[in-house]
Amino acid sequence: MAKQRDHIFDEPRAMIVDFTFDERVASVFPDMIRRSVPGYGEVIALTGLFAERYAQPGSTLYDLGCSLGAATLSMRRRIHVNGCRIVAVDNAPAMVEQCRANLEADKSPVPVDVHCSDIRQVGIEDASVVIVNFTLQFIEPDERLELLHHIHQGLRPGGVLVLSEKVVFEDSSEQQFQESMHLDFKRANGYSDLAISQKRTALENVLLPESIEAHETRLRNAGFAKVHTWFRCFNFASIAAFRTP
């Protein structure tokens with residue numbers, strides 16, 4: 001599938017339904033996320049460094065909410081220990097289909113299993129690295145702790161969870177500042193105010209962001225003893241949470 005520019009919300013709509021990761025979104029997703037999520041490219045590239053440092057011999061690495069496989073590919077190309085495999089999971093058939101095509105075109109030797117499934121139903125076993133990039137925000141908040149606890153239980157000692165999310169801020173002035181900078185980022189990348197507004201409406205019932213503090217507290221409650229926010233750009237952040245030996 002050729003990469004296309006995102007024009008999904010450019011034209012006025014009489015009715016805006018909840019956002020879904022369908023075939024139309026899959027066809028423009030690389031352009032959409034690059035133009036919508038500040039720091040996305042850096043987070044993906046640096047995901048490979050987590051795999052390089054924390055992948056343990058004979059372990060499994062997971063990409064939960066893999067979309068088109070960008071984080072999977074980043075990890076796959078930087079694993080230097082023997083016996084590893086990657087499990088990539090997404091619940092959107094259109095995304096999984098393109099993910100499989102992207103992985104088939106890559107010549108890295110690490111085996112990857114791609115599953116179309118709800119990440120809450122996936123067994124996490126013998127894991128050294130788990131990636132959850134911009135995915136937890138689409139799960140109901142009261143179901144998030146159980147998922148994180150499940151991930152913690154499936155990690156080997158010394159294993160790491162990398163969690164990336166859109167975040168909100170408890171201080172209203174900071175929230176206004178960060179949100180306005182994010183809007184400027186999207187405008188600078190060619191999105192019109194109409195497209196921004198319509199996409200926001202489509203996402204407001206399905207993307208439910210929380211504060212960094214809320215994520216860190218939940219991670220500790222799930223059993224992660226060490227929790228570090230390692231990247232932030234405007235209202236997007238990435239956290240590393242470790243299962244201690």
* Using modelled atom types only, decide if a donor and an acceptor are shared between the side chain of Arg220 and the backbone of Ala225 within a distance under 3.5 Å. => no

* Roughly how far apart are Leu61 CG and Thr47 OG1, rounded to 0.5 Å? -> 11.0 Å

* Asked: Hey, does the side chain of Arg243 reach the backbone of Pro157 with a donor-acceptor pair shorter than 3.5 angstrom?
  -> no

* Asked: What about Leu46 and Phe236, same hydrophobic cluster or not, with Ile/Leu/Val/Met/Phe/Trp/Tyr joined at side-chain heavy-atom distances under 4.5 Å?
  -> no

* Structure fact -> Minimal heavy-atom distance between Arg5 and Asn189, with the atoms involved, is NH2-O, 3.5 Å

* **Pairwise side-chain contact, Ile79 with Ile86, heavy-atom cut-off 4.5 Å (strictly under)** => yes

* **Leu68 versus Ala26, closest heavy-atom pair with distance** => CD1-O, 3.8 Å

* Asked: Among the clusters formed by ILVMFWY side chains lying less than 4.5 Å apart, do Tyr40 and Leu183 turn up in the same one?
  -> yes

* Contact summary for Ser117 and Val89, nearest pair of heavy atoms -> O-CG1, 3.4 Å

* Asked: Do Arg187 and Ser192 have side chains that get closer than 4.5 Å, going by heavy atoms?
  -> no

* Give a yes or no on whether Glu213 atom CD has more than 12 heavy-atom contacts from other residues, nucleotides or ligands under 6.0 Å away. => yes

* To do: Quick one: closest heavy-atom pair of Ala92 and Asp90, and the distance?
  => N-OD1, 3.0 Å

* **Plane angle bin for His152 and Phe224 - parallel if under 30°, tilted between 30 and 60°, otherwise perpendicular** => perpendicular

* To do: Could you tell me whether a side-chain N or O of Asn235 sits under 3.5 Å from a main-chain N or O of Lys166, the two making a donor and an acceptor?
  => no

* Is there a chain of hydrophobic side chains (I, L, V, M, F, W, Y, each step under 4.5 Å between heavy atoms) that links Val28 to Val37? -> yes

* Quick check, are the ring centers of Phe234 and Phe169 under 6.0 angstrom apart? -> no

* Partner of Pro209 by side-chain contact (heavy atoms from CB on, under 4.5 Å), out of Val168, Leu136, Val167 -> Val168

* From CA spacing to verdict: side-chain contact (heavy atoms from CB on, under 4.5 Å), Gln153, Ile124 -> CA-CA 8 Å; Gln153 291 298 104; Ile124 307 297; over 6 Å; no

* Single-linkage hydrophobic cluster, 4.5 Å side-chain cutoff, Val110 and Val87 together -> no

* Short question: side chain of Arg156, backbone of Ser128 - any donor-acceptor pair under 3.5 Å? -> no

* Taking all non-hydrogen atoms of both residues, which atom of Ala55 and which atom of Val81 are closest, and how far apart? -> O-CG2, 3.6 Å

* Asked: OG/Ser108 to CZ/Arg77 distance, rounded to the nearest 0.5 angstrom?
  -> 5.5 Å

* **Within 6.0 Å of CD in Gln176, more than 12 heavy atoms from elsewhere** => no

* To the nearest 0.5 Å, how far apart are CZ in Arg232 and CD1 in Ile239? -> 11.0 Å

* Does atom CD of Glu210 have more than 12 heavy-atom neighbours from other groups under 6.0 Å away? -> yes

* To do: Report yes if some heavy atom in the side chain of Val114 is under 4.5 Å from a heavy atom in the side chain of Val96; otherwise report no.
  => yes

* Asked: With distance as the sole criterion, is a donor-acceptor pair present between the side chains of Thr229 and Glu216 under 3.5 Å?
  -> yes

* Asked: Heavy-atom distance under 4.5 Å between the side chains of Ser67 and Phe21, does that happen here?
  -> no

* To do: First locate atom CG of Asn205, then atom CG of Leu203, and finally report the distance between them rounded to the nearest 0.5 Å.
  => 9.5 Å

* hydrophobic_cluster_shared for Val130 and Val112, side chain cutoff 4.5 Å -> no

* Structure fact -> Heavy-atom closest pair (Ala240 atom, Trp230 atom, distance to 0.1 Å) is N-CD1, 3.4 Å

* Check against side chain to side chain donor-acceptor pair (under 3.5 Å), Gln175 and Asp171 -> CA-CA 6 Å; Gln175 174 64 26; Asp171 179 80; over 6 Å; no

* To do: Run the numbers on Arg24 and Asp22 for salt bridge (charged side-chain N to carboxylate O under 4.0 Å, His left out), then give the verdict.
  => CA-CA 5 Å; Arg24 190 177 182 192; Asp22 56 15; over 6 Å; no

* Asked: Knowing that exactly one of Ile119, Leu64, Leu219 qualifies, which makes a side-chain contact (heavy atoms from CB on, under 4.5 Å) with Ile151?
  -> Leu64

* **Side chains of Arg144 and Leu208 in contact at under 4.5 Å (non-hydrogen atoms)** => yes

* Ion pair Arg85/Glu125, N-O distance below 4.0 Å -> no

* Asked: Taking the side chain from Arg34 and the backbone from Gly41, do they hold a donor-acceptor pair closer than 3.5 Å?
  -> no

* Who pairs with Arg53 by salt bridge (Lys or Arg N to Asp or Glu O under 4.0 Å), at least two apart in sequence or on another chain? -> none

* Ser59 side chain to Gln56 backbone, donor-acceptor under 3.5 Å -> yes

* Ser238 vs Val162, side-chain contact (heavy atoms from CB on, under 4.5 Å): CA-CA, chis, key distance, verdict -> CA-CA 7 Å; Ser238 189; Val162 178; 3.6 Å; yes

* Side-chain contact test, heavy atoms from C-beta onward, threshold under 4.5 Å: evaluate it for Met181 versus Phe177 and give yes or no. => yes

* To do: Give, for atom CG of Leu161 and atom CZ of Phe50, the distance between the pair rounded to the nearest 0.5 Å.
  => 10.0 Å

* Can you tell me how far CG of Asp113 sits from NE2 of His115, rounded to the nearest 0.5 angstrom? -> 4.5 Å

* Does Thr135 use its side chain to pair, donor to acceptor, with the backbone of Val132 at less than 3.5 Å? -> no

* Do Arg35's NZ or CZ and the ring of Tyr191 fall within the cation-pi criteria of under 6.0 Å and 45°? -> yes

* Is a side-chain donor or acceptor of His182 paired with a backbone partner of Ser36 at a separation under 3.5 angstrom? -> yes

* To do: State, with a plain yes or no, whether a side-chain heavy atom of Thr72 is found less than 4.5 Å away from one of Leu103.
  => yes

* Okay, side chain of Glu165, backbone of Asn133: is any donor-acceptor separation there less than 3.5 Å? -> no

* To do: Establish, for the pair Lys226 and Phe242, whether the NZ or CZ atom is under 6.0 angstrom from the six-membered ring centre and no further than 45 degrees off its axis.
  => yes

* Check: Asp193 main-chain N/O paired with Ser197 side-chain donor or acceptor under 3.5 Å -> no

* Apply side-chain contact (heavy atoms from CB on, under 4.5 Å) to Leu147 and Ile139, showing your working. => CA-CA 10 Å; Leu147 173 61; Ile139 293 174; 3.7 Å; yes

* Test item: Phe138 and Leu207 side chains (from C-beta on) under 4.5 Å apart, heavy atoms -> yes

* Flag if over 12 foreign heavy atoms under 6.0 Å of CD, Glu11 -> no

* To do: Assess whether salt bridge (charged side-chain N to carboxylate O under 4.0 Å, His left out) is satisfied between Glu52 and Arg76, documenting all intermediate values.
  => CA-CA 9 Å; Glu52 184 173 52; Arg76 191 185 198 189; over 6 Å; no

* To do: Kindly check if the number of other-residue, nucleotide or ligand heavy atoms within 6.0 Å of NE2 (His149) is above 12?
  => no

